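Following: one structure in structure tokens, then a few remarks.
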Amino acid sequence: MGMGGMLDILFVASGIYLIFSAISAKKRGIIAVNVMLSKDATEKDIKDKVGFIEYMYKGILLAGIMIVIAGIIHLVNDYFIHSRQVTWIGIGVIVAAIGIYGITFSRGRKQYMSRQRVRDKQSGKKR
């Protein structure tokens with residue numbers, strides 16, 4: 001297995017992790033800190049946890065599914081098809097998934113996070 005195959009497997013694994021994180025949040029209320037929150041935020045910063053999970057679930061689940069599909073497309077292409085067009089389609093799907101994740105993450109933070117607590121953490125103040 002070459003470097004491309006290993007990278008494709010990492011994409012599939014990361015997509016599965018995003019899917020698992022979204023489903024865990026939706027079903028059990030468990031927020032994956034490294035997926036749904038920035039490093040300067042905690043669950044205490046969320047104003048409406050249920051609304052936050054509901055909002056984040058859709059975008060993260062979609063991005064995860066897209067990344068899994070792109071990883072599978074690349075694996076199949078690397079070992080069976082060998083097409084540059086298929087490679088670019090897979091790359092396009094990954095870029096779109098990253099865009100969806102980024103927009104979801106950014107909008108979720110703006111809508112559901114307490115700005116004052118996050119600002120206080122950034123400046124080093126305690127509340």
Side-chain angles (χ1 to χ4, degrees):
M1 178 177 297
M3 194 63 171
M6 290 299 292
L7 199 57
D8 299 336
I9 289 172
L10 287 174
F11 275 119
V12 171
S14 65
I16 290 170
Y17 182 69
L18 288 177
I19 293 167
F20 174 77
S21 297
I23 292 171
S24 291
K26 179 84 169 177
K27 298 242 182 220
R28 294 187 245 143
I30 299 170
I31 293 177
V33 175
N34 56 343
V35 172
M36 294 184 174
L37 298 175
S38 60
K39 65 181 180 179
D40 63 340
T42 67
E43 283 190 44
K44 292 177 184 177
D45 300 324
I46 301 170
K47 296 185 282 188
D48 172 11
K49 186 175 177 180
V50 174
F52 178 75
I53 288 172
E54 186 67 32
Y55 179 80
M56 297 296 283
Y57 169 78
K58 296 169 191 167
I60 291 174
L61 182 67
L62 178 60
I65 290 169
M66 291 172 71
I67 290 171
V68 168
I69 289 170
I72 292 170
I73 287 171
H74 277 191
L75 278 169
V76 170
N77 188 49
D78 288 347
Y79 294 104
F80 301 107
I81 301 171
H82 310 291
S83 165
R84 284 186 183 213
Q85 290 82 7
V86 173
T87 297
W88 283 107
I89 289 169
I91 290 170
V93 172
I94 289 171
V95 169
I98 291 169
I100 289 168
Y101 175 82
I103 290 167
T104 300
F105 187 87
S106 177
R107 288 183 180 168
R109 182 178 172 137
K110 286 178 186 172
Q111 288 179 330
Y112 294 98
M113 302 299 281
S114 172
R115 289 186 179 96
Q116 187 60 45
R117 284 181 56 90
V118 173
R119 266 192 247 120
D120 288 348
K121 282 184 190 176
Q122 290 171 344
S123 67
K125 293 180 185 175
K126 299 221 180 211
R127 279 194 144 214

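Keep in mind the model is a prediction, meaning the values are calculated, not measured.
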| Transitive ILVMFWY cluster of W88 at side-chain heavy atoms under 4.5 Å: who else is in it? | I91, V95
| query | At what distance, to the nearest 0.5 angstrom, does CE of M36 lie from CZ of R109? | reply | 15.5 Å
| What residues join V50 in its hydrophobic cluster, counting side-chain heavy atom gaps under 4.5 Å, either direct or through other members? | none
| Close side-chain approach of I53 and I46, heavy atoms under 4.5 Å | no
| query | Looking at residues at least two apart in the chain, or sitting in another chain, which of them share a side-chain contact (heavy atoms from CB on, under 4.5 Å) with I67? | reply | F11, S14, L18, A97
| request: Would you please name every residue forming a side-chain contact (heavy atoms from CB on, under 4.5 Å) with I19, sequence neighbours left out? | output: I23, L61, I65, V68
| message | Tell me which pairs pass side-chain hydrogen bond (donor to acceptor under 3.5 Å, both in side chains) where either residue lies in residues 53-64, with sequence neighbours left out. | response | K26-E54
| said: Would you compute the distance between atom CD1 of I94 and atom CD1 of I89 and round it to the nearest 0.5 angstrom? | reply: 12.5 Å
| From D78 atom CG to D8 atom CG, the distance as rounded to the nearest 0.5 Å | 4.5 Å
| task | Would you please name every residue forming a side-chain hydrogen bond (donor to acceptor under 3.5 Å, both in side chains) with N77, sequence neighbours left out? | result | T87
| task | Starting at CE of M56, measure out to OH of Y101 and round the result to the nearest 0.5 Å. | result | 6.0 Å
| remark: In short, G90 meets A70 closest at the heavy-atom pair O-CB, 3.6 Å
| Smallest separation among heavy atoms of M113 and A41, with atom names | CE-CB, 3.4 Å
| Hphob cluster co-occupancy, I72 + I16, side-chain heavy atoms under 4.5 angstrom | yes
| query | When hydrophobic residues are tied together by side-chain contacts of less than 4.5 Å, even through go-betweens, does V93 share a cluster with F80? | reply | no
| request: Answer with yes or no whether the side chains of Y17 and N34 bring together a donor and an acceptor at under 3.5 Å. | output: yes
| query | How long is the span from the OH atom in Y112 to the CG atom in D48, to the nearest 0.5 Å? | reply | 6.0 Å
| message | I need the I60 CD1 to I100 CD1 distance, nearest 0.5 Å. | response | 12.0 Å
| message | Hydrophobic clustering (ILVMFWY, side-chain heavy atoms < 4.5 Å, transitive) - are M66 and F105 grouped together? | response | no
| query | Out of curiosity, does L62 fall in the hydrophobic cluster containing I98 (side-chain heavy atoms, cut-off under 4.5 Å, transitive links)? | reply | no
| said: Under the criterion side chain to side chain contact (heavy atoms under 4.5 Å, CB included), I'd like the reasoning laid out for F52 against L37: C-alpha separation, chi angles, the key distance, then a yes or no. | reply: CA-CA 11 Å; F52 178 75; L37 298 175; 3.9 Å; yes
| query | Heavy atoms, side chains only, cut-off 4.5 Å: are F20 and V35 in contact? | reply | no
| field | Donor-acceptor contact present, side-chain K49 to main-chain G29, <3.5 Å | value | yes
